[in-house]
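Worksheet: one structure, shown below.
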Protein chains: 2
Amino acid sequence: MPLEISTCNHLDISHVRSSCATCSLRELCLPVGLNEQEIQALGDVVSHKRKIQRGGSLYRTGSKFQSLFAIRRGFLKTCILEQDGRQQVTGFHMTGELLGLDAISTEIHTCDAIALEDSEVCEIPFEKLEEISRVIPSLMRHFHKIMSREIVRDHGVMLLLGSMKAEERLATFLLNLSRRFLMRGYSECNFNLRMTREEIGSYLGLKLETVSRAFSKLQDENIITVDNKHIQINDIARLRMKMGNTTCDT
Amino acid sequence: MPLEISTCNHLDISHVRSSCATCSLRELCLPVGLNEQEIQALGDVVSHKRKIQRGGSLYRTGSKFQSLFAIRRGFLKTCILEQDGRQQVTGFHMTGELLGLDAISTEIHTCDAIALEDSEVCEIPFEKLEEISRVIPSLMRHFHKIMSREIVRDHGVMLLLGSMKAEERLATFLLNLSRRFLMRGYSECNFNLRMTREEIGSYLGLKLETVSRAFSKLQDENIITVDNKHIQINDIARLRMKMGNTTCDT
DNA sequence: TATCAGCTTTGATTCAAATCAACCGGAGTA
DNA sequence: TACTCCGGTTGATTTGAATCAAAGCTGATA
């Protein structure tokens, strides 16, 4: 079922908030430079939407259905769960981002995607994506870019985990969130965290107490103001200093 | 210039050591399940081979030429180099593996690939790869799998860096190398490391002294025998125990 | 063969983060 | 209202890895 695109034609992604699926796709795809034809073609293959409640999972390790998911609304985390209970968050994903790129290799999802708040996603089966890409080859190239970007992002996280101190990690994390909020049209200096200290710690390779201490330290230095889940960045320049001279963007 | 494949038809990758480019591609591609037609098609687009001397670089951060590289012979490392001199090895790559998947997103290589010993690679320009994929769609699917596998691998490394102790990291690393050597037809319990302690440390998020100590500890426990760069695994089961109950495969 | 630079090992010390523990505060509920 | 659970903060202590330091080894080269 093709989705109408005539109803909205916002090209500025910062204003795209409607529930039109193609708009959501536009929001997704503009950053990678898709043109109207490509967006419309992609809209045609979006088979269905799914809602996930807070705490619910979009997919789990071992689930076989192969799809790419575009987040239309909400906030999710992906994580690896080990047999011994060790768990690691591999990423946080917000409205307008993509999910599920790990599933292609194994025919099976190797990590879980769990909603941190009520969310809604578009599901794009890989088969459909590949099918349409044969007609519109440029789409495939964009898809490659997205996958490649994920690899680069992961390398950034590896650098963070391998060589940064707790405070540097948190600064990097906050600046990354800030940038993503800004990109989606929200304030870059005022936002609410959707995840707990423990989840942040898991992502950054730290314990929750260490995360809490790092927050307190940044607040003591007047760089940020923390009120539980609410973060206000008072001095973004000094926060960048904390990050060190890294170009890494997680 | 098409490459002849009639001269060799080894299907058992463990014996493929010839300098025939298509053989090398076969070696590369069999693990992902390419058929003869696909291998031959890919052989046709391999534009040229490159030799890299020990210490030389295949590509550097900032170089713009976009290609996928298939290692025909040798051993390379990829690493991110930060402005402040911080450097992190993101992976080691041996004969029969692929390189260059990070370049697609940015139109530019974001990390360096440096030869740890004299090496030789096939260069496959992305454009050619995409071109041929339009004719043979299954090839594209394999390419996706390879990229996806890289993402999964990176997640494994993130788990390692985020939650493992020094000894667990080294055990995981050795078992991973072991498996890859086995896959290429070498001994899984007797091999030579191509990289220094410092490079291992950089990859595992440890200092070189810590790596050395971890080696010594495993030797003291009679799990491995270390003679400088030569490693012999005496008790692979106990080495696996050291790894912890992780399924992660770096 | 001697020399030298780079790599490796080992020991002593320091330090950052984990761990252990106590307490606080808000949301939900009996 | 009192209770409990959960998430967050803060303090004290422990611990694993980094750092500093010295010395041994190896392979390349003159």
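Proteins get letters first, then strands, A, B, ... in listed order; numbering begins at 1 in each.
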- Are a donor atom and an acceptor atom from the side chains of A:S57 and A:D112 found within less than 3.5 Å of each other?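 Absent: no donor and acceptor within the cut-off.
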
Options [options], nucleotide nearest the side-chain atoms of [X]:
X: B:K207; options: C:dT9, D:dT19, D:dT10; result: D:dT19
X: B:A166; options: D:dT26, D:dA17, C:dA18; result: D:dA17
X: A:K165; options: C:dA17, C:dT8, C:dC20; result: C:dA17
X: A:V226; options: D:dT9, D:dA17, D:dG7; result: D:dT9

Using atom [atom1] of [X] as one end and atom [atom2] of [N] as the other, report the distance to the nearest whole Å.
X: A:R197; N: D:dT9; atom1: CZ; atom2: C1'; answer: 9 Å
X: B:K217; N: D:dG16; atom1: NZ; atom2: P; answer: 10 Å
X: B:L206; N: D:dT19; atom1: CG; atom2: P; answer: 12 Å
X: B:R54; N: C:dG6; atom1: CZ; atom2: C1'; answer: 11 Å
X: A:L161; N: D:dA17; atom1: CG; atom2: C1'; answer: 16 Å
X: A:M164; N: D:dA18; atom1: CE; atom2: P; answer: 16 Å
X: B:L218; N: C:dT9; atom1: CG; atom2: P; answer: 12 Å
X: A:L116; N: D:dG7; atom1: CG; atom2: C1'; answer: 14 Å

- Only one of B:L170, B:V211, B:L161 forms a side chain to side chain contact (heavy atoms under 4.5 Å, CB included) with B:L206, so which one is it?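 The side chain to side chain contact (heavy atoms under 4.5 Å, CB included) with B:L206 is passed solely by B:V211 among B:L170, B:V211, B:L161.
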
Please state whether the phosphate of [N], meaning OP1 or OP2, lies under 4.0 angstrom from any side-chain nitrogen or oxygen of [X].
X: A:K229; N: D:dG8; value: yes
X: A:S216; N: D:dT9; value: no
X: B:S212; N: C:dT8; value: no

- Straight-line distance of B:I224 CD1 to B:I231 CD1, nearest 0.5 Å: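 Rounded to the nearest 0.5 Å, the CD1-CD1 separation comes to 5.0 Å.
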
- Message: Using ring centroids (six-membered ring only for Trp), state whether A:Y203 and A:F92 fall under 6.0 Å.
- Response: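 Ring centroids of A:F92 and A:Y203 are less than 6.0 Å from each other.
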
- Answer with base, sugar-phosphate or nothing: what part of the nucleic acid does B:L208 contact at a heavy-atom distance below 4.0 Å?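 Base contact.
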
- Message: Any base atoms under 4.0 Å from B:G201, or only sugar-phosphate, or nothing? Heavy atoms, all strands.
- Response: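 If one applies the 4.0 Å heavy-atom cut-off, B:G201 turns out to touch nothing in the nucleic acid.
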
- Message: On DNA chain C, does the nearest nucleotide to B:V211 precede the nearest nucleotide to A:V211 from the 5' side, or the other way round? Give the residue.
- Response: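 The residue closer to the strand's 5' end, by nearest nucleotide, is B:V211.
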
- For DNA chain D, whose closest nucleotide is more 5', that of A:T210 or that of B:D227?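 Looking at the nearest nucleotide for each, A:T210 comes out on the 5' side.
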
- Salt-bridge test for B:R213 and B:E209: reply yes if a basic N is under 4.0 Å from a carboxylate O, no otherwise.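 No, B:R213 and B:E209 are not salt-bridged.
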
- Item | Side-chain donor/acceptor contact of A:R213 with base of D:dG11 under 3.5 Å |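 Yes.
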
- Side-chain donor or acceptor of B:E209 under 3.5 Å from a matching atom on the base of D:dC20?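 Check passes, donor-acceptor contact within cut-off.
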
